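Every chain is numbered from 1, with letters handed out A, B, ... down the list of sequences. On a predicted model such as this, the values are computed, not experimentally measured, just so you know.
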Protein chains: 2
Amino acid sequence: MASTCGGRVSRNLTALRRSAPVFAALGDETRLRLLAKLSSGGPLSITQLAAGEAVTRQAITKHLAVLAAAGLVRDARTGRERRWELDTAPLNTARSCLDLVAQRWDQRLERLRALVEDDAP
Amino acid sequence: MASTCGGRVSRNLTALRRSAPVFAALGDETRLRLLAKLSSGGPLSITQLAAGEAVTRQAITKHLAVLAAAGLVRDARTGRERRWELDTAPLNTARSCLDLVAQRWDQRLERLRALVEDDAP
DNA sequence: GTCATATGCAACCTCCTGGTTGCATGTACC
DNA sequence: GGTACATGCAACCAGGAGGTTGCATATGAC
């Protein structure tokens, strides 16, 4: 399961390209903290998320917009509140893309090691 | 093996904070393509990496500097060349951080589901 | 030594990002 | 209806990111 990165090499490159925005969204300390809060604290409103943060509520709103654009969070209105919740799907895709790169490299190293051992036993 | 994200919650947050630069480095299409090239093409020189790319060699140099600052690549001189190679360690750390967030969220959902089923069997 | 190749350094430009402030709107609640 | 809370919208700002061009410097080949 869970492999937008699976398949042929060309598809892998497409998946990598599509993952860039996700990684970019993850590449900010404040946003990572928001994700951590959401992962353990459940659906939270903007004000709740902004509580304890060093920056303005407006800044948090912008960060949430970035996360939403990357598909990492969803919002749902409940009355006058707007609760945000995680979507782990892009997270899994990103993770398997990292796997792919790491695997290819490690396989390379392994082949190289085997070659050396074969050359001088 | 491979878990800077393991341990207590406070440590997890520190790990998340330390992962931000890695994700930021991954959050660019060109840089992802460089990593892909390196993962399958082995140690490559700047000129080799710049070949086929739409941007200047100088731009590639800057991207490599970003990747190096995140610990994702290392360089080694061989004569007048400078060959770059992957380091998958930060990749693994980043991957387990993603795992952590996803797991916590999924556990939350699971607990919620169990609660609902318990409430109305 | 000379020439071509591989890289380094620096200045410069543009645009996006993260952040702020101020004000408007919507919705509970009494 | 009025008040308080939750959010939305817009303008604005500083700094950094990504990119370019031009020139300097090393090093391998002949």
Atom [atom1] of [X] and atom [atom2] of [N]: how far apart are they, to the nearest Å?
X: B:L64; N: C:dC9; atom1: CG; atom2: C1'; result: 16 Å
X: A:R80; N: C:dT27; atom1: CZ; atom2: P; result: 11 Å
X: B:D28; N: D:dA17; atom1: CG; atom2: C1'; result: 9 Å
X: B:L67; N: D:dG18; atom1: CG; atom2: P; result: 10 Å
X: B:I60; N: D:dT20; atom1: CD1; atom2: C1'; result: 13 Å
X: A:K62; N: D:dA14; atom1: NZ; atom2: C1'; result: 12 Å
X: B:D75; N: C:dA6; atom1: CG; atom2: P; result: 17 Å
X: B:I46; N: D:dT27; atom1: CD1; atom2: P; result: 15 Å

**Study point:** Toward the 5' end of DNA chain C, by each residue's nearest nucleotide, A:T78 or A:G27
**Key:** A:G27
Check your understanding: Given that A:Q58 and A:R77 both sit by DNA chain C, which one's nearest nucleotide is further toward the 5' end?
Key -> A:Q58
Practice item. Would you indicate, yes or no, if C:dT17 has its OP1 or OP2 atom less than 4.0 angstrom from a side-chain nitrogen or oxygen of A:H63? Key: no
Review point. B:T56 side chain N/O closer than 4.0 Å to the phosphate oxygens (OP1, OP2) of D:dG19?
Key: no
Check your understanding: Heavy atoms under 4.0 Å, any strand shown: does B:E81 hit a base, just sugar-phosphate, or nothing?
Key -> sugar-phosphate
Review point. Which part of the nucleic acid does A:R31 contact within heavy-atom distance under 4.0 Å: base, sugar-phosphate only, or nothing?
Key: sugar-phosphate
Point to revise | B:R33 with B:E29: basic N within carboxylate O range, under 4.0 Å | key: yes
Practice item. Taking only Lys NZ, Arg NE, NH1 and NH2, and the carboxylate oxygens of Asp or Glu, determine whether B:R95 and A:D99 approach each other closer than 4.0 Å. Key: yes
Review point. Which heavy atom of A:I46 sits nearest a heavy atom of A:W84, and at what distance?
Key: CG1-NE1, 3.5 Å
Practice item. Heavy atoms only: give me the nearest A:A36-A:S39 pair and the separation to one decimal. Key: O-OG, 2.8 Å
Exercise for review: Determine yes or no for a side-chain-to-main-chain donor-acceptor pair under 3.5 angstrom, with A:E81 supplying the side chain and A:T78 the backbone.
Suggested key: no
Check your understanding: Which of the following nucleotides, D:dG19, C:dT20, C:dG8, is nearest to the side chain of B:R57?
Key -> C:dG8
